[in-house]
K.L.:
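Dropping the structure in here first, questions after.
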Amino acid sequence: MKRWLRQRVDAVYEEVLSREISGAPTHVAVIQDGNRRYARRFVCYGSGGHREGAQTTERVLEWCQDIGVEELTLYAFSTENFDRPDEENQALFDLLCEKLREFADAERVHENEVRIRVIGEVERLPERVRDAVDYAERRTRGYDRFVLNIALAYGGRSQLLEAAQGVASDVETGTLEPGAIEVETIEDRLYDQPVRDVDLIIRTGGDERTSNFLPWHANGNEAAVFFCTPYWPEFSKTDFLRGIRTYEHREESWRRTRARRAMALLGAVSDPELVEAKSVVERFRDSLPTAEQPDPDDLEGVDTGQVDDLDSSGQAAD
């Protein structure tokens, strides 16, 4: 297909996708894969692929803000990446220093009140990177409209292990009772600041795996996952919107499943369960095909106040 025709088709498709999007995930996490393969393919030298990818990162940040995403986490450097050739990592560290300071000083970052945070084993990074991290976090510490998390020297399993070891140590010393261990007990030990549950993971580059990325916040929340083939520097707004559509379809499927499950409970069950099931059907009946929707008269007269403590995810009824 000729280049101009391809661009026109992409523009039209992007427009169609934009009209289809009716909502946005709160937290999107991205595995930026394919920078090195892109560099080899297009004969970029040094950190050329990562530098091209940094431009994609800036665009994705804008796209997230445009549709109402509130938190974006980027998987920039894993603990396994330390095993790569030193000259390659040093070039990447230089680029990270440059971009962290550039982002921290960018007018659009301050206009949009973007808070920059780094998660991972920062102490393992070179001093110049740690200094750049400190600079970016200090410059944006007062903002909360949008959160940009950058995962550096990050390993999901190692963070969970460290949190579990901390809990075990506190139990052993008597400063924490086993019965007092809750979800928040682990979350408070994972990061210095709260991280929202992940709604959507996007991975570029063609691999279909989540690579130990935010296992507590993504897997525990049953996040939608979108895998796509473009290398990170090639990732387009059309690809991004396809990912958002995947999230929306996942949410619609979840609502249908919840409504159908609740309707199945409207048989011989106890009164509290009956009230809860009818409440769920009322909330999600519109997500069902018309033929499956119950008659509203069948749901009248039910006191749903007993289930007001259900959270927005409806997980208490699972």
Side-chain angles (χ1 to χ4, degrees), residues 27-36 47 49-50 53-54 56-57 60-61 64 69 71-86 88-101 103-104 114-137 140 146-166 186-205 207-221 223 225-227 232 235:
H27 185 181
V28 175
V30 181
I31 302 174
Q32 307 158 278
D33 197 15
N35 289 303
R36 294 191 303 161
S47 58
H50 289 91
T56 302
T57 298
V60 169
L61 181 58
C64 283
V69 174
E71 188 160 353
L72 172 66
T73 300
L74 302 171
Y75 203 173
F77 190 86
S78 72
T79 50
E80 289 79 11
N81 290 155
F82 282 110
D83 296 331
R84 291 178 176 173
D86 185 62
E88 180 179 320
N89 281 342
Q90 293 306 319
L92 180 55
F93 292 148
D94 288 341
L95 179 61
L96 285 169
C97 290
E98 174 188 331
K99 290 301 178 180
L100 280 168
R101 293 182 181 276
F103 266 50
V114 177
R115 182 171 186 177
I116 300 172
R117 302 189 308 195
V118 174
I119 59 176
E121 300 176 47
V122 180
E123 66 279 0
R124 295 184 60 182
L125 297 167
E127 183 178 2
R128 66 186 187 281
V129 181
R130 297 198 304 270
D131 289 343
V133 166
D134 182 64
Y135 179 79
E137 291 185 335
T140 62
F146 187 93
V147 177
L148 173 61
N149 301 310
I150 304 174
L152 295 177
Y154 178 85
R157 285 184 298 180
S158 62
Q159 289 206 315
L160 283 175
L161 177 60
E162 186 177 342
Q165 289 172 335
I186 301 297
E187 289 183 345
D188 290 344
R189 295 162 190 268
L190 289 174
Y191 310 110
D192 293 335
Q193 298 293 330
V195 173
R196 294 179 178 90
D197 283 343
V198 176
D199 301 304
L200 170 66
I201 291 181
I202 295 174
R203 179 170 187 148
T204 62
D207 284 343
E208 297 188 0
R209 50 195 173 90
T210 57
S211 295
N212 192 25
F213 189 32
L214 298 171
W216 180 272
H217 295 88
N219 297 346
N221 193 45
V225 181
F226 175 67
F227 300 114
W232 179 242
F235 187 71

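Quantities reported herein were computed from a predicted structural model and do not represent experimental measurements.
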K.L.:
Applying salt bridge (charged side-chain N to carboxylate O under 4.0 Å, His left out), can you list everything that pairs with E121, at least two apart in sequence or on another chain?
P.N.:
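E121 satisfies salt bridge (charged side-chain N to carboxylate O under 4.0 Å, His left out) with R124 once adjacent residues are dropped.
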K.L.:
Please test S211 against R203 for side chain to side chain contact (heavy atoms under 4.5 Å, CB included), starting from the C-alpha separation and ending with a verdict.
P.N.:
CA-CA 10 Å; S211 295; R203 179 170 187 148; 2.5 Å; yes
K.L.:
What are the two closest heavy atoms between L100 and I150, and how far apart are they?
P.N.:
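Where L100 meets I150 most closely, the heavy atoms are CD2-CD1, 3.7 Å.
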K.L.:
What distance do I202 atom CD1 and L74 atom CG have between them, rounded to the nearest 0.5 Å?
P.N.:
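That separation rounds to 10.0 Å.
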K.L.:
By ring-ring contact (aromatic ring centres under 6.0 Å, His included), which residues pair with F82, not counting sequence neighbours?
P.N.:
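Scan of F82 (ring-ring contact (aromatic ring centres under 6.0 Å, His included), adjacent residues dropped) gives F77.
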K.L.:
Check A104 against A136 and note the closest heavy-atom contact, atom names and distance.
P.N.:
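Shortest heavy-atom contact: CB-CA, 3.6 Å.
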K.L.:
Ignoring hydrogens and geometry, is there a side-chain-to-backbone donor-acceptor pair from T204 to D33 under 3.5 Å?
P.N.:
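Present.
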K.L.:
Quick check for you: to the nearest 0.5 Å, what is the distance between T140 atom OG1 and F146 atom CZ?
P.N.:
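Atom-to-atom, T140:OG1 and F146:CZ are 12.0 Å apart.
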K.L.:
Could you state the interatomic distance from CZ (F227) to OG1 (T210), rounded to the nearest 0.5 Å?
P.N.:
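So the gap between those two atoms works out to 6.5 Å.
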K.L.:
Backbone N or O of S78 within a donor-acceptor pair of the N81 side chain at under 3.5 Å?
P.N.:
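Yes.
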K.L.:
Using modelled atom types only, decide if a donor and an acceptor are shared between the side chain of E137 and the backbone of V118 within a distance under 3.5 Å.
P.N.:
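Flag set: sc E137 to bb V118 pair under 3.5 Å.
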K.L.:
Count the heavy atoms of every other residue, nucleotide or ligand shown that sit under 6.0 Å from CD of E123, and state whether that count exceeds 12.
P.N.:
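Counting neighbours around CD of E123, more than 12 heavy atoms of other residues, nucleotides or ligands fall under 6.0 Å, so yes.
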K.L.:
Search all heavy atoms of W232 against all heavy atoms of G53 and return the closest pair with its distance.
P.N.:
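It is NE1-O, 2.9 Å.
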K.L.:
Judged by atom type as modelled, is there a donor-acceptor pair below 3.5 Å linking the side chain of N149 to the main-chain atoms of E71?
P.N.:
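No: the side chain of N149 does not pair with the backbone of E71.
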K.L.:
Using the test side-chain contact (heavy atoms from CB on, under 4.5 Å), find all partners of R128 that sit at least two apart in sequence or belong to another chain.
P.N.:
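For R128 the side-chain contact (heavy atoms from CB on, under 4.5 Å) partners, ignoring immediate neighbours, are Q90, F93, D94, C97, P126.
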K.L.:
Drop me the distance from R117's CZ to L148's CG, to the nearest 0.5 angstrom.
P.N.:
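Between atom CZ of R117 and atom CG of L148 there are 9.5 Å.
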K.L.:
Where do Q32 and T56 land on the side chain to side chain contact (heavy atoms under 4.5 Å, CB included) test, with the steps shown first?
P.N.:
CA-CA 10 Å; Q32 307 158 278; T56 302; over 6 Å; no
K.L.:
Taking H50 for its side chain and L92 for its backbone only, find out whether a donor-acceptor pair lies under 3.5 Å.
P.N.:
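Between the backbone of L92 and the side chain of H50 there is no qualifying donor-acceptor contact (under 3.5 Å).
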K.L.:
Partners of R130 by salt bridge (charged side-chain N to carboxylate O under 4.0 Å, His left out), sequence neighbours excluded?
P.N.:
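Residues passing salt bridge (charged side-chain N to carboxylate O under 4.0 Å, His left out) with R130: none at all.
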K.L.:
Using the side chain to side chain contact (heavy atoms under 4.5 Å, CB included) rule, take H27 and V195 through it: C-alpha gap first, then chi angles, then the decisive distance, then the call.
P.N.:
CA-CA 9 Å; H27 185 181; V195 173; 3.6 Å; yes
K.L.:
Sequence neighbours excluded, which residues qualify as side-chain contact (heavy atoms from CB on, under 4.5 Å) partners of A163?
P.N.:
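A163 satisfies side-chain contact (heavy atoms from CB on, under 4.5 Å) with I186, R189, L190 only.
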K.L.:
So, for I119 and L214, which heavy atoms are closest and what is the spacing to 0.1 Å?
P.N.:
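Looks like CD1-CD2, 4.1 Å.
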K.L.:
Excluding sequence neighbours, so at least two apart, what forms ring-ring contact (aromatic ring centres under 6.0 Å, His included) with Y75?
P.N.:
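So Y75 forms a ring-ring contact (aromatic ring centres under 6.0 Å, His included) with Y154, F213.
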K.L.:
Please report the shortest heavy-atom distance between S158 and G155, naming the atom on each side.
P.N.:
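Smallest interatomic distance, heavy atoms only, reads OG-O, 2.8 Å.
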K.L.:
Please assess L61 against F103 for the test side chain to side chain contact (heavy atoms under 4.5 Å, CB included), listing each intermediate value before the final yes or no.
P.N.:
CA-CA 11 Å; L61 181 58; F103 266 50; 4.0 Å; yes
K.L.:
What's the spacing between T73 OG1 and R196 CZ if we round to 0.5 Å?
P.N.:
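Spacing of OG1 (T73) from CZ (R196) equals 10.0 Å.
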K.L.:
To check you understand the geometry: which heavy-atom pair defines the closest contact between L200 and A223, and what is its length?
P.N.:
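Residues L200 and A223, closest heavy atoms: N-CB, 4.2 Å.
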